[in-house]
Amino acid sequence: MPSDQSTWLVSVPQGHDPQATYQKLANKLTQQAKLPPRNIGQLAIPIFKTGTLDSLIALSEDLPKQEGFFTATVAKTVETLRNLLNNDPAKLEQHILVDEQSIDGYLLSGWKWKDGRYDVQKSLRDLVDTLNKEMSSIDNAMKTKLNNYNLVKGSLTQMQRKKAGNLSIRSLVDVVSKDDFIQDSEYLETLLVAVPKALTKDWNDKYERLTSMVVPRTSTVITSDDEYSLVSVVVFRRVHDEFVQKCREHKFIVRDFVYSEEEIAKQQQELEVAGTTAKELWTELLRLARTNFSESFQILVHLKVIRLFVESVLRYGLPAEYIGFAIKPESKNVKKIFNVLQTQFAYLSSKSNAGQGGKIGGEEFIGEYQNLMEQEFFDFILYEVPWIVT
């Protein structure tokens with residue numbers, strides 16, 4: 001039973017009146033399975049060059065691997081969009097478009113092969129190679145752009161993280177000013193200490209006597225948060241290390257900070273540049289992911305249509321003329337939809353080469369082709385396009 005979370009692509013022999021075949025199936029699906037008419041569309045399967053039986057069997061073996069890669073690339077592109085849009089389903093839905101239309105519109109509104117881009121006069125192997133090259137190019141471009149964005153975003157996040165947290169760990173660049181420090185003194189220096197609020201009284205009682213050569217009454221509160229107060233204190237440079245050690249013993253945290261207008265300006269500039277660059281790369285990546293989703297999804301569907309054709313030839317033989325349907329099931333009536341398909345195309349059981357070991361072009365392939373039949377077997381050919389969950 002195919003999934004109720006995917007659109008089904010179905011292929012059967014064309015017959016004498018393909019339009020009548022489509023209409024008959026559409027009527028039964030709407031009447032018996034209660035499927036809305038908008039959930040079924042025609043899928044124009046081209047008449048490709050069939051090539052030899054060996055080449056078809058080789059393609060039949062290779063196509064599932066290609067399809068796996070194509071499906072994964074589409075999924076990664078969607079995940080990139082999802083992350084860029086902060087998992088907002090409404091915004092994601094606006095970007096997972098195929099040629100500026102919804103996925104359902106693309107698949108169910110009379111899908112056609114892109115002749116101008118993929119010449120059906122080429123061999124099936126050449127067409128698959130072309131699709132694979134295009135998908136590989138998309139995958140590589142996404143990886144490169146995503147990697148560049150993640151590097152810049154990671155750098156920006158690290159810079160922003162330094163501005164977060166409590167006063168014992170956060171960057172002090174935007175907390176202190178020049179006036180908080182003694183300037184150009186050969187003997188004195190200003191130290192910054194994060195004092196736990198619970199130890200404020202302890203600090204005020206002890207800081208002048210933690211070591212010798214602490215300038216009395218120089219403790220000044222610069223700012224506070226929920227956990228700490230940041231205070232400045234003036235000491236002689238020669239007792240710097242001893243004072244830091246004594247502070248540590250009393251659970252006062254001396255911040256390793258040297259005031260430098262040049263360094264502060266440099267850090268602020270780096271933060272601004274990283275922020276601007278990250279925003280630009282975000283915009284570029286969003287635009288690329290949106291475009292590449294449209295491209296990669298079309299490439300995936302074109303590969304599935306080739307797979308429909310290949311399996312149809314192997315199953316039903318020549319002439320290689322097949323009619324395709326795109327069906328979007330509904331969970332509540334998926335069994336009825338499937339039963340309609342089984343009933344409608346039950347007559348194909350007697351025409352199936354794969355089921356009987358028949359011939360294509362006079363070449364017997366009983367046994368050889370049947371070894372490929374690992375997928376679920378129906379009287380019609382069916383492959384699925386998983387839905388994009390927003």
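Everything numeric in this text was worked out from a predicted model, so none of it was measured. Excluded from the calculations below are hydrogen atoms, water molecules and symmetry mates; all remaining heavy atoms, backbone and side chain alike, are included.
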- Note on the structure: side chain to side chain contact (heavy atoms under 4.5 Å, CB included) test vs I381 passes for just one of F345, Y316, Y322, namely Y316
- Closest non-hydrogen atom pair, I138 against S296: CD1-N, 3.9 Å
- Query: Is the side chain of Y207 donor-acceptor paired with the backbone N or O of R217 at a distance under 3.5 Å, no angle test?
  - Reply: yes
- Query: Where the side chain of N333 meets the backbone of K336, is there a donor-acceptor pair that is under 3.5 Å apart?
  - Reply: no
- Query: Stepwise, does the salt bridge (Lys or Arg N to Asp or Glu O under 4.0 Å) test hold for K197 with D225?
  - Reply: CA-CA 9 Å; K197 284 197 169 181; D225 60 24; 5.7 Å; no
- Query: Are D4 and S331 close enough, and set up right, to give a side chain to side chain donor-acceptor pair (under 3.5 Å), and what steps lead you there?
  - Reply: CA-CA 5 Å; D4 61 354; S331 298; 3.3 Å; yes
- Message: I'd like to know whether the aromatic ring centres of Y187 and F236 sit less than 6.0 Å apart in this structure.
- Response: no
- Derivation and outcome, side chain to side chain donor-acceptor pair (under 3.5 Å), residues S55 and T52: CA-CA 5 Å; S55 68; T52 65; 3.2 Å; yes
- Examine Y383 and V74 and state if one hydrophobic cluster contains both, with Ile, Leu, Val, Met, Phe, Trp and Tyr joined whenever side-chain heavy atoms are less than 4.5 Å apart. yes
- Message: Could you check whether atom CD of Q245 has more than 12 heavy atoms from other residues, nucleotides or ligands sitting under 6.0 Å from it?
- Response: yes
- Message: Can a side-chain donor-acceptor contact be found between E311 and S60 if the only test is distance below 3.5 angstrom?
- Response: yes
- Pair R170-D174, salt bridge (Lys or Arg N to Asp or Glu O under 4.0 Å): steps then yes or no: CA-CA 10 Å; R170 65 163 295 178; D174 57 348; 3.0 Å; yes
- Message: Before we go on, tell me: are the rings of H95 and F293 under 6.0 Å apart, centre to centre?
- Response: no
- Task: Just do the salt bridge (Lys or Arg N to Asp or Glu O under 4.0 Å) check on R117 and E295 with the steps written out, would you?
- Result: CA-CA 12 Å; R117 186 164 175 175; E295 291 295 311; 2.8 Å; yes
- Message: Is it the case that the side chain of S155 and the backbone of L151 share a donor-acceptor pair, with hydrogens and angles ignored and the cut-off at 3.5 Å?
- Response: no
- Query: Does the pair Q298 and S294 meet the rule for a side chain to side chain donor-acceptor pair (under 3.5 Å), with working shown?
  - Reply: CA-CA 6 Å; Q298 291 181 70; S294 176; 3.2 Å; yes
- Message: If you apply the rule side chain to side chain donor-acceptor pair (under 3.5 Å), what do you find for N147 with T144, and how did you get there?
- Response: CA-CA 5 Å; N147 185 55; T144 300; over 6 Å; no
- Message: Does the structure place the NZ or CZ of K251 under 6.0 Å from the centre of the six-membered ring of W203, at an angle of no more than 45° from the ring's axis?
- Response: no
- Message: Whether K114 and D99 form a salt bridge (side-chain N of Lys/Arg under 4.0 Å from carboxylate O of Asp/Glu) is what I want to check.
- Response: yes
- Side-chain touch L308/K304, heavy atoms, less than 4.5 angstrom: no
- Item | Output field: ring centroids F338/F378 closer than 6.0 Å | yes
- Message: Could you check whether any side-chain N or O of E227 sits under 3.5 Å from a backbone N or O of L167, counting only pairs where one atom can act as donor and the other as acceptor?
- Response: no
- Query: Are any side-chain N or O atoms of R290 and backbone N or O atoms of Q94, one a donor and one an acceptor, separated by less than 3.5 Å?
  - Reply: yes
- Message: Check for me, please, whether I103 and F325 land in the same ILVMFWY cluster - side-chain distances under 4.5 Å, paths through other members count.
- Response: yes
- Query: With a 4.0 Å cut-off, would you call R82 and E79 a salt bridge?
  - Reply: yes
- Message: Taking V244 as the starting point, is it possible to reach V239 by hopping between hydrophobic residues whose side chains are less than 4.5 Å apart?
- Response: yes
- Message: Keeping N166 on the side-chain end and S168 on the backbone end, is there a donor-acceptor pair under 3.5 Å?
- Response: yes
- Step by step, would you call D139 with K143 a salt bridge (Lys or Arg N to Asp or Glu O under 4.0 Å)? CA-CA 6 Å; D139 188 45; K143 285 179 181 176; 3.3 Å; yes
- Apply ring-ring contact (aromatic ring centres under 6.0 Å, His included) to the pair F309 and W113, showing each step before the final yes or no. CA-CA 12 Å; F309 178 85; W113 181 268; 9.6 Å; no
- Residues E261 and K266 bridged, charged N to O under 4.0 Å: no
- Which is it for S11 and I323 under the side-chain contact (heavy atoms from CB on, under 4.5 Å) test, yes or no, and what are the steps along the way? CA-CA 6 Å; S11 172; I323 180 173; over 6 Å; no
- No-hydrogen, no-angle side-chain donor-acceptor test under 3.5 Å, Q23 and N27: yes
